[in-house]
Structures are given as structure tokens and as C-alpha cells.
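Below: one structure, written as C-alpha cells.
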Amino acid sequence: MMTPQRWSQIKEIFVTVMDRSPEERQTALSEACQGDLELQAELRQLLAQHDEMGQFLDGVPPASASSLLSPGYVLANRYEVVSLLGTGGMGEVYEVEDKELGGRIALKVIHPQMSFDHSALERFRREVQIARKITHPNVCRVFDIGHHQQQRREIIFLTMELVDGETLAARLKRVGRIEPNEALSIALQLCQALDASHQAGILHRDFKCGNVMLIGSGDKVRAVVTDFGIARWIQNSGDSTALTTKAAIFGTPAYMSPEQIQGKELTVGSDIYSLGLVLYEMVTGVRPFQNESPWAEALKRTTEDPVAPSTMVSGLGPGWSETILGCLQRDPAKRFASTREVLASLGGRAKLAPRVHRHRALGVVALLLVVAMASLAILLRGKLWPSSLPASKHVAVLPFSFMGDDPSSRASAYGLSASLAGNLARLETSNGSLWVVPWSQVRNWKPADSANAARSLGVNLLIV
């Protein structure tokens with residue numbers, strides 16, 4: 001049984017030996033454990049998991065890695081490489097031109113060394129399977145997985161939405177911290193993204209500043225959550241408090257919840273804790289307990305409470321601290337029960353717009369939701385189409401508009417149309433009687449363009 005005293009002992013030994021060579025580790029473990037073989041076994045497992053994360057998850061590419069593809073190279077006779085966007089531990093991300101459908105997307109290539117690792121390939125496939133279940137404007141859309149033969153080696157890749165911006169980690173490194181009004185807009189969008197994930201029955205498990213892309217800045221900023229490579233299904237997707245299966249420790253140490261670093265079963269509260277760390281860093285410029293060693297920092301979070309953000313930043317309202325510290329409770333049962341509760345706390349305590357405007361905005365979004373769901377229900381009963389329309393229905397859902405300055409409500413309206421398009425696409429028939437234009441092709445259209453949209457998109461029904 002893991003007691004607080006036992007865990008404290010493990011932490012102390014772990015921090016002492018983690019940076020040593022394998023040979024030195026063995027000697028140090030034997031001396032520190034004093035013949036306790038069970039303690040040695042627990043520490044070896046934790047150290048092995050630490051080493052694996054250092055290779056796969058901390059964004060450090062293999063020493064021998066060089067750019068796999070050059071500009072102009074064409075994969076699968078379809079995707080022409082434009083430029084390299086980034087390199088990580090598992091692979092490289094490129095901007096490519098889709099020669100078949102037109103437009104530019106992102107393409108993630110797994111390192112050849114990883115293609116022989118079954119677990120790495122499984123994570124890659126799972127990223128596609130899981131991410132495709134989530135339809136939301138604040139979640140990066142993943143389209144498909146593909147294969148390409150390059151001389152005698154196989155290149156495995158996935159295609160995804162091209163998010164033209166910078167990571168929140170890069171923004172914080174560049175500016176230090178983000179001002180409260182812009183931070184609030186980002187925070188509301190991150191809550192909505194994680195809520196969409198949790199409602200789909202998925203835990204992210206690696207939510208961090210490096211997995212958040214920012215497009216634009218100020219009131220117009222858009223935040224997009226990426227990288228579901230180590231995400232997991234919630235055990236019972238119908239119950240948002242259900243647990244995941246107990247398994248090995250995965251994630252980025254600097255953003256792990258206390259229960260995650262201890263290898264315990266996870267709930268949505270684990271993602272909420274990681275969200276709290278991201279919000280803390282966003283408004284203060286630093287993580288709580290920031291240390292040269294991410295693992296030492298992570299272990300400290302299991303025994304100590306962070307300093308309130310409002311004591312570190314002059315002028316930061318107490319509402320920020322109340323919300324963030326509510327996410328960072330060490331006991332999962334004491335945290336917010338859902339990201340919707342975090343969203344409500346942010347909206348009620350950290351002012352972005354006058355409350356009357358916010359209520360009106362939420363009312364309009366709620367009305368849009370009712371109308372859209374009613375339309376979907378009618379469609380399911382087969383009563384949406386006038387009898388004069390042809391047997392084959394080609395449908396496009398254009399992004400819904402929202403009159404107002406509230407970023408969260410605009411995002412909700414946009415997300416509603418994206419969600420409706422995704423739900424309709426799932427009803428497509430094999431005989432072609434129902435076909436829905438992919439959201440990626442219509443997401444930049446505006447309602448004002450609806451007069452020309454039907455002809456341009458080749459549809460006989462528009463939902464605007």
C-alpha cells in the first residue's frame with residue numbers, strides 16, 4: 001500500500017538518482033533502498049517511465065534526426081511539401097499543399113526510427129482515431145493517416161488542420177506573460193476545447209502550453225488545442241466522472257497532476273489540474289514550483305500548495321486566483337468537477353465584458369443550439385427536405401454568425417456550426433443520397449456569401 005511516508009521516500013530517492021548513468025543508478029538504488037526489493041522495483045519502473053518520456057514526449061528529437069522531407073517533395077502523389085513547421089521527439093510537422101483538393105494543411109511525419117516501435121505507431125493511430133471524435137473550433141482537426149514509400153523505407157504520416165500561429169509556450173517565452181483580458185479570452189476557449197473532449201469521452205492527458213496554438217492576439221485571439229497522441233477514453237463516456245484504466249505514467253512532467261505523477265487512475269480532474277497549471281503560467285509567466293528539473297517540480301506538487309497568482313502579479317484580480325487554485329487542489333475531489341465549472345468561474349469572477357452583454361450573448365447561443373438541434377432531429381426523422389428537392393441531397397453548413405464582442409460566444413456559435421456539420425456528416429449514406437461538404441472546406445465562408453456558396457460548393461441545401 002502506498003502511504004504518504006512511502007511516497008515521500010520514493011520521491012527523495014528518485015530525485016537523487018534520476019540524472020545519473022544507468023550503472024551509477026543501480027549502485028545508488030541498492031544503497032538507498034537498503035535491501036528493500038519492492039522499493040527498488042517501484043523506483044526502477046518510475047525511472048524507466050521517466051526515460052521513455054524524455055525520448056518520446058518532451059519534444060527532444062533523436063540526435064541523428066535531420067529534416068526528413070525537402071520543399072517540393074510530394075507524398076502519396078498528393079501532398080507537396082511547402083516548409084518544415086516543427087520537430088519533436090516522435091516526428092516532424094510540415095505545411096503541405098493538397099494537390100487533389102487544393103488548399104494547405106499540416107502533415108505530421110513519424111520518425112523512421114519510431115516506425116519500428118509498435119507502441120509509437122499505436123499512439124500515432126490513436127491520435128487520429130481520438131481526435132476525429134472531437135469537432136470544435138478550439139480543437140485541431142485531424143483528417144487521416146497515410147503511408148508513403150520513399151526508396152526502401154515507409155513514411156507514415158497523418159494530415160490535420162493547418163493552424164497558422166505560435167504555441168502558447170512560444171508566446172510566453174517571447175512576451176513573459178499575457179495580459180488579463182487576452183488571457184481570459186484564451187482561457188475561455190481552452191475550457192471549451194477540453195469540455196468538447198470530455199463530452200466526447202476523452203481525456204487529453206498531456207495538456208500543456210506547448211500543445212496550445214494561438215492565432216492572432218488581443219480580443220481576436222483564437223486558441224487551438226493539439227496533440228491527442230497519448231489521450232485515453234474515459235472508461236464510461238456517458239459519465240464524465242468515470243475513471244480511466246490504471247496504467248503507466250505518460251505525459252509531460254511539468255504539467256502532470258499529482259495523481260498522474262503517482263501513476264493513479266485518472267479522471268477529468270487530471271486534465272483540469274493541467275489546465276490550472278497552464279492558466280497559472282499564462283497570467284504569471286512562470287509555473288508554480290518552477291525548477292530546473294521538471295520531475296522535481298512535479299514531485300513537489302504532490303505535497304505543497306502553490307502561491308496565489310494574484311500575489312505575484314500586481315493588478316491581477318482575486319477571481320483569477322480563486323479559479324486557478326480551484327483547479328490546482330491536490331485532492332481531485334476538491335477541484336472543479338468539470339471544465340464547465342471552470343468556465344463559469346472565469347466568466348463570473350474575471351470580467352471580460354459587462355454581465356448584461358454576456359447574458360444576452362449566452363441566450364443567443366442557447367437559441368442557436370435549440371434551433372440547430374431541432375433541425376438535426378427533423379433530419380433524423382426524414383422531414384427536413386422539401387419534396388421538390390432531388391433524391392440526392394448535397395449539404396453545406398456555413399459558420400454561424402454572432403453579433404457582439406464576446407469572444408467566448410463567438411467561439412460557441414462557430415463551434416455549434418462545426419459540430420452540426422460533423423453530426424450531419426456522420427449520417428452520410430453509401431448510395432450518395434446524403435453528402436455533406438467537409439467542414440474544412442466551408443469554415444472560412446461567411447453567411448453574407450451564402451448567395452454564391454451553393455453554386456461554388458455544388459450543394460442544393462445550405463444551413464446558415
Side-chain angles (χ1 to χ4, degrees), residues 57-61 65 67 69 71 81-97 103-109 127 131 134 136-143 158-194 196-197 204 206-230 251-252 254-255 274-287 290 294 313 352 407-408 410-411 414-415 440 443-444:
L57 302 174
D58 284 343
V60 182
S67 183
L69 307 173
V81 175
V82 176
S83 63
L84 175 68
L85 297 177
T87 301
M90 284 192 67
E92 298 176 347
V93 180
Y94 296 86
E95 178 179 353
V96 300
E97 181 83 24
R104 294 188 178 185
I105 62 174
L107 187 144
K108 185 175 183 179
V109 176
E127 182 171 359
I134 310 169
H136 195 276
N138 298 119
V139 175
C140 182
R141 295 297 308 277
V142 175
F143 303 130
L158 62 82
T159 55
M160 66 186 79
E161 174 188 1
L162 178 63
V163 182
D164 188 12
E166 63 180 337
T167 65
L168 175 56
R171 176 78 61 89
L172 290 171
K173 185 176 181 179
R174 181 167 59 83
V175 304
R177 65 181 179 87
I178 297 177
E179 292 303 312
N181 278 348
E182 183 177 0
L184 181 57
S185 179
I186 295 170
L188 295 175
Q189 294 177 63
L190 297 183
C191 287
Q192 292 171 332
L194 281 179
S197 174
H204 191 287
D206 195 25
F207 189 77
K208 59 184 179 181
C209 293
N211 283 340
V212 174
M213 293 294 297
L214 299 180
I215 304 96
S217 60
D219 292 341
K220 304 298 183 182
V221 68
R222 178 188 171 207
V224 180
V225 177
T226 67
D227 202 346
F228 284 79
I230 65 166
T252 302
Y255 295 90
S274 298
L275 170 65
L277 291 174
V278 168
L279 299 184
Y280 195 110
E281 186 174 1
M282 187 164 58
V283 297
T284 67
V286 295
R287 295 186 304 274
Q290 191 156 325
V313 179
L352 177 67
S408 65
R410 286 201 306 270
Y414 185 92
S440 60
R443 58 190 172 88
N444 293 323

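- Atoms OG and CZ, from Ser197 and Phe207 in turn, are 10.0 Å apart once rounded to the nearest 0.5 Å.
- Side-chain contact between Ile215 and Val224 is present, with at least one heavy-atom pair separated by less than 4.5 Å.
- By the side-chain contact (heavy atoms from CB on, under 4.5 Å) test, Arg171 pairs with Glu166, Arg174, Val175, Ile178, Glu182, Leu214, Ser217, sequence neighbours left out.
- Counting heavy atoms from C-beta outward, Met282 and Arg177 have side chains that stay 4.5 Å or more apart.
- Note that the OG atom of Ser274 and the CG atom of Leu194 stand 9.0 Å from one another [nearest 0.5 Å].
- Among residues two or more places apart in sequence or in another chain, the side-chain contact (heavy atoms from CB on, under 4.5 Å) test is passed with Leu85 by Ser83, Val93, Glu95, Leu162.
- Side chains of Leu275 and Leu190 form a contact here, defined as non-hydrogen atoms less than 4.5 Å apart.
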Exercise for the section: Could you check Val313 against Val283 for side chain to side chain contact (heavy atoms under 4.5 Å, CB included), going step by step and ending with a plain yes or no? Expected result: CA-CA 8 Å; Val313 179; Val283 297; 5.8 Å; no
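- A distance of 14.0 Å separates CG of Leu168 from NZ of Lys173, quoted to the nearest 0.5 Å.
- Every residue two or more places apart in sequence or in another chain that forms a side chain to side chain donor-acceptor pair (under 3.5 Å) with Tyr255 is listed here: Glu281.
- Residues Ile105 and Met160 share a closest heavy-atom pair of CB-O, 3.4 Å.
- Val212 is not listed as a side-chain neighbour of Thr226, based on a closest heavy-atom distance of 4.5 Å or more.
- At least one side-chain heavy atom of Leu107 sits less than 4.5 Å from a side-chain heavy atom of Val109.
- With sequence neighbours excluded, the residues satisfying side-chain contact (heavy atoms from CB on, under 4.5 Å) with Thr167 are Ala169, Ala170, Met213.
- At a threshold of 4.0 Å, the pair Lys108-Glu161 does not count as salt-bridged, since none of the basic side-chain nitrogens sits closer than that to a carboxylate oxygen.
- To the nearest 0.5 Å, atom CZ of residue Arg222 and atom OG of residue Ser185 are 12.0 Å apart.
- In this structure, OG1 in Thr284 is found 8.5 Å from CG in Leu172, a value given to the nearest 0.5 Å.
- Side-chain contact between Val225 and Asn138 is absent, with no heavy-atom pair separated by less than 4.5 Å.
- Legend: residues meeting side-chain contact (heavy atoms from CB on, under 4.5 Å) with Val81, ordered by chain and number and at least two apart, are Leu69, Tyr73, Leu75, Tyr94, Val96.
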